[in-house]
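The shown structure was predicted, so the numbers you read here are calculated from the model rather than taken from an experiment. Numbered from 1 within each chain, the chains take letters A, B, ... in sequence-line order.
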6 protein chains.
Amino acid sequence: MSTTAIWLPTLITKTPQEGFELAISLSRMGVKSTQPDVEILKKLRPVYSESADGLTAASQVIAINYQTIAAANKYWR
Amino acid sequence: MSTTAIWLPTLITKTPQEGFELAISLSRMGVKSTQPDVEILKKLRPVYSESADGLTAASQVIAINYQTIAAANKYWR
Amino acid sequence: MSTTAIWLPTLITKTPQEGFELAISLSRMGVKSTQPDVEILKKLRPVYSESADGLTAASQVIAINYQTIAAANKYWR
Amino acid sequence: MSTTAIWLPTLITKTPQEGFELAISLSRMGVKSTQPDVEILKKLRPVYSESADGLTAASQVIAINYQTIAAANKYWR
Amino acid sequence: MSTTAIWLPTLITKTPQEGFELAISLSRMGVKSTQPDVEILKKLRPVYSESADGLTAASQVIAINYQTIAAANKYWR
Amino acid sequence: MSTTAIWLPTLITKTPQEGFELAISLSRMGVKSTQPDVEILKKLRPVYSESADGLTAASQVIAINYQTIAAANKYWR
């Protein structure tokens, strides 16, 4: 996988908020790794982003990734 | 992302209860990051807030975010 | 939020069992924070409490909150 | 809650297997706390115990509770 | 429960891969503890093992159990 | 299980990004362990990879496995 572009050089961020943004990115990369076709992703976006269940599920994945990033940053204490 | 307003300056809170309120905020930010359109969010709110499954799912996301915040605060011991 | 009643003064409990009861309370507060209308909550209660899936989902939220509380209490070792 | 019978005196078990059995008990207590009516629980049991999704969901709750119990026992190392 | 056969003597494994296999076993034991009837389990197997959602859910339970086992083994560092 | 090919020699990776790729692999192994038939897996792939809910669920399993791998690597600090 040495030819893959670097998109995740570090888990360290300056602030808790930037860490949250990174958690959002990780959640999206999890989706993209399963469905790399950007056209299909675009078509699916309204399906979950206008669905109450889909939005809660998306928020849950972000919360799980944020646990990892917050621990990596020792909670920015 | 330097132009984004600061909405999460710290994970540290004075009390366990304020930490729980922050967990609720994080859960909502997870939703908003996926669906920024406030009008759509308003329309969806009754869908999950009057659904038993939707409320349990929302409570689960809060519980996951609370794990992060409680650890950050060393459980307010 | 200084006007809110204090309902979570501490995560510390005397016994593992009281900790479990607190986990149940936190799970319910997660629901109430999303749907504060007590009448709607009363109507929804039979929906999930008489549904196999709903009960398993409720038990899962309690389990997640119990992880937090058990860690806070250093597992009552 | 001082009148409640003691059903969870400790999270410490002698072996990893007894810990797993305790995780099963905690998962059931999570269900019972939401639906205390034994008759309803008996009626619901076949619904999830003969459903593939229901069994996987039950196994997930046990897995989450087992994380707590295993940590409490320092993994029986 | 002293008459139960011992099926989980330890969480310690020699390699990360054996730990993953143990996580699979724990996930199955979680199912069996809820539905001990082997005939019913055999009937249900194709239901989830040929369902996309069922397979993702099974993989999630394994992932949660693997967290426990990996921590028990200090990540085989 | 000594005859099984080695596919997981270590949880240690050089970078956070390689760790994420390993989390994707673990998530797929969780699926394969439940459904070893490659033909069935191929048939199911479009079902979840073109479903909004299926993709979010897949991303969630990756997030859980990434927690394990990130901890194993002490977050590449």
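Contact of the A/I64 side chain with the A/Q60 side chain is registered, since non-hydrogen atoms from C-beta on lie closer than 4.5 Å.
For a residue to count as touching a neighbouring chain, one of its non-hydrogen atoms must lie under 4.5 Å from one of that chain's; by this rule F/I62 touches chain A with the side chain only. At a 4.5 Å heavy-atom cutoff, F/S27 makes no contact with chain A through either its backbone or its side chain. Using a 4.5 Å cut-off between heavy atoms, A/I40 contacts chain F through its side chain alone, with no backbone atom that close.
Of the possible polar contacts, one joining the F/D37 side chain to the F/E39 backbone as a donor-acceptor pair under 3.5 Å is found.
Rounded to the nearest 0.5 angstrom, A/R28 CZ and F/S59 OG are separated by 10.5 Å. In this structure, the separation between NZ on A/K43 and CD on A/Q35 is 9.5 Å, given to the nearest 0.5 Å. Note: F/M29 CE to F/L26 CG = 8.5 Å, rounded to the nearest 0.5 Å. For the atom pair F/E50 CD and A/L44 CG, the distance stands at 7.5 Å (nearest 0.5 Å). Interatomic distance, CD of A/Q67 versus OH of A/Y75, reported as 7.5 Å (0.5 Å rounding).
Counting heavy-atom pairs closer than 4.5 Å to chain A, the top residue among F/S49, F/A23, F/A57 is F/S49. Looking only at heavy-atom pairs under 4.5 Å with chain F, the residue among A/N65, A/D53, A/V31, A/I69 that has the most is A/V31.
Using the six-membered ring where Trp is involved, F/F20 and A/W7 have ring planes that are perpendicular, over 60° apart on the 30 and 60° scheme.
Contacts from residues 9-18 of chain F to chain A, taken as heavy-atom pairs separated by less than 4.5 Å, involve F/P16, F/Q17 in sequence order.
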